[in-house]
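Written out below as structure tokens is the structure these notes cover.
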Protein chains: 2
Amino acid sequence: MATIYEVSKLAGVSLATVSRVMNNNARVSDKTKQKVLDAMAELGYRPNSIARSLASSRSDSIGILVSELHGPFFGQMMAGIESELRAAGKHVIITTGHSEEDKEKDGIEFLISRNCDAIIAHVEAVSDEYLIELNEGKTPVYLMSRFVEELSEKCISLDNELGGYLATKAIIDNGHQKIAYIAGPQFKADASNRLLGHKRALKESNIEFNEDLFFIGDFKETGGSDGLRYLTKQNEQFTALVCANDEMASGAMKYAREHGFRLPEGLSIIGFDNVIFANYLYPTLTTIDNPVNSMGHMAAKLVLKDVYQKKKLEIERVFEPTLINRHSVANHNN
Amino acid sequence: MATIYEVSKLAGVSLATVSRVMNNNARVSDKTKQKVLDAMAELGYRPNSIARSLASSRSDSIGILVSELHGPFFGQMMAGIESELRAAGKHVIITTGHSEEDKEKDGIEFLISRNCDAIIAHVEAVSDEYLIELNEGKTPVYLMSRFVEELSEKCISLDNELGGYLATKAIIDNGHQKIAYIAGPQFKADASNRLLGHKRALKESNIEFNEDLFFIGDFKETGGSDGLRYLTKQNEQFTALVCANDEMASGAMKYAREHGFRLPEGLSIIGFDNVIFANYLYPTLTTIDNPVNSMGHMAAKLVLKDVYQKKKLEIERVFEPTLINRHSVANHNN
DNA sequence: TTGTATGCGTTATCAT
DNA sequence: ATGATAACGCATACAA
């Protein structure tokens with residue numbers, strides 16, 4: 001690997017001049033500039049971004065911390081962030097937290113130690129206090145799908161409570177009264193806020209929340225199948241099932257079909273997130289759209305604006321979920 | 001951020017000694033070691049991995065290049081690689097190539113310039129020659145889902161030809177004779193090898209390959225729907241459709257249902273990859289298992305063995321796909 | 001406009 | 001066992 005030194009020697013100029021043409025921030029005469037460019041081309045020179053980063057304490061790369069690398073939710077989120085940043089000539093360093101406090105902290109420290117110019121994190125296990133303290137440091141941290149009052153300027157979040165409300169309201173509007181709910185892990189803010197919205201919708205229609213029609217799942221398909229199995233074993237009838245995300249909804253649908261439910265006539269199901277395959281389930285899944293991809297783009301724009309001084313970008317910090325009507329909810333009115 | 005220098009001052013030892021206890025590679029007396037450890041703790045010292053990397057030209061991090069960040073295929077692959085490496089105390093730097101030659105090269109050069117100890121790449125657009133030349137460099141490059149003869153030691157691949165054969169053979173074994181095929185982009189080796197297997201299975205059963213029952217899709221859902229639309233417009237009957245991946249199969253299934261086909265009685269469909277949602281489609285999708293997650297693990301093991309001298313790891317370089325029988329293929333025998 | 005010199009935070013090679 | 005000191009490849013303040 002050729003270094004800046006070899007380039008300078010071949011071009012017959014100093015290190016500094018080579019550095020200047022690389023970054024073209026200072027004025028260099030066209031003639032010497034061309035000499036340097038030629039030398040670079042001849043040597044196939046590639047700047048070492050590690051050295052550059054050490055010297056300048058910048059890196060033109062943004063750290064991303066997600067819970068998991070697989071799954072439609074994080075995939076869309078990462079893709080949104082990456083495409084926006086890449087278009088701006090920045091690179092992305094991705095690592096995972098697995099929803100465990102230790103791993104989330106470890107991931108963040110890794111990203112900081114790599115001199116990331118900023119971090120976009122989807123963290124679920126670390127406390128608000130930790131995040132607030134973290135933001136005192138030199139690496140700004142932005143939060144995806146999480147709202148922390150003190151960090152409101154750096155949060156891109158979804159109104160999950162509203163989403164939870166919309167889901168259950170859609171069910172009620174279709175004439176359902178006996179409604180079961182499979183929630184996500186309650187330490188996750190997304191999950192608990194969706195549940196709050198669910199309860200608000202019930203209350204608004206004077207339907208009492210029934211503990212026997214409530215199950216806490218794992219946000220995965222198994223949560224849906226385990227949940228529906230549990231719910232059917234209680235001695236309570238229900239005509240509709242609200243799932244706190246689409247993966248659990250798909251698990252529930254599968255379990256339902258295997259156990260003789262007719263969908264949606266025998267059991268209406270609604271999901272949350274509107275992941276790509278919701279539209280390919282049968283029946284197609286009615287759900288709440290979670291615009292993660294757009295939120296990823298927006299998080300990236302926020303970083304571009306704050307950290308890289310792209311002043312004119314318009315930022316929208318709280319996204320509103322919307323109902324996506326498909327065919328997994330039956331109308332029970334009259 | 002405290003530096004090694006401040007630690008050395010507080011502990012009353014030299015820089016070198018601090019470095020030694022960090023890496024505990026040289027002997028340090030227990031007493032001084034403890035002093036250093038205490039100083040580190042007191043200062044909340046975190047080593048700067050950039051500086052460390054510059055000085056040692058190692059980084060304990062492995063670069064991963066994937067085509068896309070979203071989608072079940074890459075998600076599983078990344079997750080497999082990451083979990084294996086993380087367990088070994090290594091970190092992962094992920095970037096994308098979007099199946100475009102320029103971006104793939106750019107991604108690889110970024111990873112090299114970040115001093116990655118190795119690169120695991122899923123590249124589709126760059127040539128074999130480029131990859132061979134790349135491997136002359138100091139950063140070893142490992143290939144996922146691609147086999148290059150000269151680099152066979154560094155390839156983790158799937159026998160796609162066999163997979164393509166198995167898919168079509170399964171269809172034929174169920175009594176089908178009129179078989180349509182939706183292929184993937186033929187510049188992708190995966191796609192062209194699957195097609196080769198398809199043709200071998202046809203030939204083996206003396207079924208002629210029919211250009212009118214052939215469509216090249218984009219490996220996405222739209223490829224499936226567009227493909228089936230195209231195929232139904234030709235004046236050729238067919239009872240079965242082989243899709244070169246599950247996403248196209250799901251698109252085809254949806255299109256089929258919307259256009260009056262009964263599944264699987266009216267049209268049998270088989271996919272490829274066995275992505276997570278194949279099991280949640282209706283009817284559940286018969287497909288060919290592509291063990292990407294395992295292959296990810298294996299690629300990581302290969303790196304651990306070659307680059308980090310974990311000699312005793314067992315490496316399997318070519319994976320065999322297997323048929324997953326579900327309910328999207330109807331039996332037409334007698 | 002161009003060059004010199006120093007520093008970024010480590011590792012590693014010498015000495016001692 | 002420990003300490004000086006020179007790299008690592010580049011950016012940048014200061015000179016010229």
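Order of the sequence lines fixes the chain letters, A, B, ..., with proteins taken first and strands second; residue numbering starts at 1 for each chain. As a basis for the values below, the full set of heavy atoms in this structure was taken, side chains included, without hydrogen atoms, waters or symmetry mates.
- The side chain of A:S14 approaches C:dT4 more closely than any other nucleotide in the set C:dG9, C:dT4, C:dT11.
- Atoms CZ (A:R114) and P (C:dG9) sit 16 Å apart, rounded to a whole Å.
- If you measure from atom CG of A:N25 to atom P of D:dA13, you get 10 Å, rounded to the nearest angstrom.
- For the pair A:R58 and D:dC10, the criterion of a side-chain N or O lying under 4.0 Å from OP1 or OP2 is not met.
- What separates CD1 of A:I112 from P of C:dG9 is a distance of 15 Å, to the nearest Å.
- Distance from the side chain of A:S29 is smallest for C:dT1 among the nucleotides C:dT10, C:dT1, D:dC8.
- Rounded to whole Å, the distance from NZ on A:K9 to P on D:dC10 is 14 Å.
- Atom CZ of B:R27 and atom C1' of D:dT2 are 13 Å apart (whole Å).
- When the C1' atom of D:dA11 is taken as reference, atom CG of A:D60 falls 13 Å away, rounded to whole Å.
- Each of A:M22 and B:V13 was matched to the nucleotide of DNA chain D holding its nearest heavy atom; the match closer to the 5' end belongs to B:V13.
- The nearest whole Å value for the distance from the OH atom in B:Y5 to the C1' atom in C:dC8 is 15 Å.
- Of the side-chain N and O atoms in B:R52, none sit less than 4.0 angstrom from OP1 or OP2 of C:dG9.
- Nearest-nucleotide positions on DNA chain D for B:T17 and B:A51 put B:T17 closer to the 5' end.
- Each of B:A16 and B:I50 was assigned the nucleotide of DNA chain C with the nearest heavy atom; the assignment lying further toward the 5' end belongs to B:I50.
- With respect to A:I119, the side-chain contact (heavy atoms from CB on, under 4.5 Å) criterion is satisfied by exactly one of A:L111, A:I93, A:I64, A:L143: A:L111.
- Within the structure, a side-chain polar atom (N or O) of A:S19 is placed less than 4.0 Å from OP1 or OP2 of D:dA11.
- Looking at B:E109 and B:K105, no side-chain N of the basic residue comes within less than 4.0 Å of a carboxylate O on the acidic one, giving no salt bridge.
- Taking CE of A:M144 as the reference point, atom CE of A:M295 lies at 5.0 Å (rounded to 0.5 Å).
- With B:Q34 as the fixed residue, the side chain to side chain donor-acceptor pair (under 3.5 Å) test singles out one of B:D30, B:D38, B:T32: B:D38.
- One finds no side-chain N or O of A:N48 lying less than 4.0 angstrom from the OP1 or OP2 phosphate oxygen of D:dC8.
- Here the nucleotide nearest the side chain of B:T32, chosen from D:dT2, C:dG9, C:dA12, is D:dT2.
- Note: CG (A:L15) to P (D:dC10) measures 9 Å, nearest angstrom.
- Only one option out of B:K188, B:H122, B:E124 pairs with B:S145 in a side-chain contact (heavy atoms from CB on, under 4.5 Å); it is B:H122.
- One donor-acceptor pair, N or O on each side, does fall under 3.5 Å between the base of C:dG3 and the side chain of A:R20.
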